[in-house]
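Single-structure report; data block below.
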Amino acid sequence: MTLEYAVGIKIGNKADQVAVEAEDALIAALKVKTAHPEAAITYVRKRNVRGDRRHPHSSQIDEQPAGGRFQAQGTSRIL
């Protein structure tokens, strides 16, 4: 069973977050480390879909969202 993990990395003075599908937190951290060997892993946690959607990191923000600027209450977004 794979879960989605959020892995925090730091490269130089820049911090970022990467979402990875993995069986556990250690495997998620190792996948990110192999992709970015120069990065320091700062944290690994299960991805909080609701919280990450409400407060996305700068690398996850689209310049022009697909659904427009405003969205009516009660409607759902497809990610």
Side-chain angles (χ1 to χ4, degrees):
M1 179 171 105
T2 61
L3 296 173
E4 221 172 296
Y5 289 90
V7 181
I9 60 173
K10 187 170 184 178
I11 301 173
N13 290 332
K14 185 179 178 202
D16 201 3
Q17 177 182 341
V18 180
V20 180
E21 283 191 19
E23 290 77 24
D24 63 9
L26 178 60
I27 294 172
L30 291 174
K31 283 183 177 182
V32 173
K33 190 63 173 177
T34 57
H36 304 284
E38 71 283 0
I41 305 295
T42 56
Y43 63 88
V44 180
R45 63 172 172 82
K46 288 183 183 175
R47 186 163 178 253
N48 179 356
V49 177
R50 182 174 168 188
D52 291 341
R53 190 179 320 142
R54 288 185 180 178
H55 307 286
H57 290 262
S58 60
S59 63
Q60 298 171 334
I61 297 174
D62 292 337
E63 291 296 323
Q64 294 179 334
R69 182 178 172 127
F70 297 104
Q71 187 173 13
Q73 284 187 335
T75 60
S76 61
R77 294 179 82 188
I78 298 173
L79 296 178

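The shortest distance between side-chain heavy atoms of K46 and Y5 falls below 4.5 Å. Side-chain contact between V32 and I41: present, with at least one pair of heavy atoms (C-beta onward) separated by less than 4.5 Å.
Note on V7: it clusters hydrophobically with I11, by side-chain heavy-atom contacts below 4.5 Å among ILVMFWY residues. A continuous path of Ile, Leu, Val, Met, Phe, Trp and Tyr side chains, each step under 4.5 Å between heavy atoms, connects L3 with V20, placing both in one hydrophobic cluster.
Here the shortest heavy-atom pairing between A29 and V44 reads CB-CG2, 3.8 Å.
The backbone N or O of E21 lies less than 3.5 Å from no partner atom in the side chain of T2, so there is not a single donor-acceptor pair.
Between the CD1 atom of I9 and the CD atom of E38 there is a distance of 8.0 Å, given to the nearest 0.5 Å.
Qualifying salt bridge (Lys or Arg N to Asp or Glu O under 4.0 Å) partners for E23, counting only residues two or more places apart in sequence or in other chains: none.
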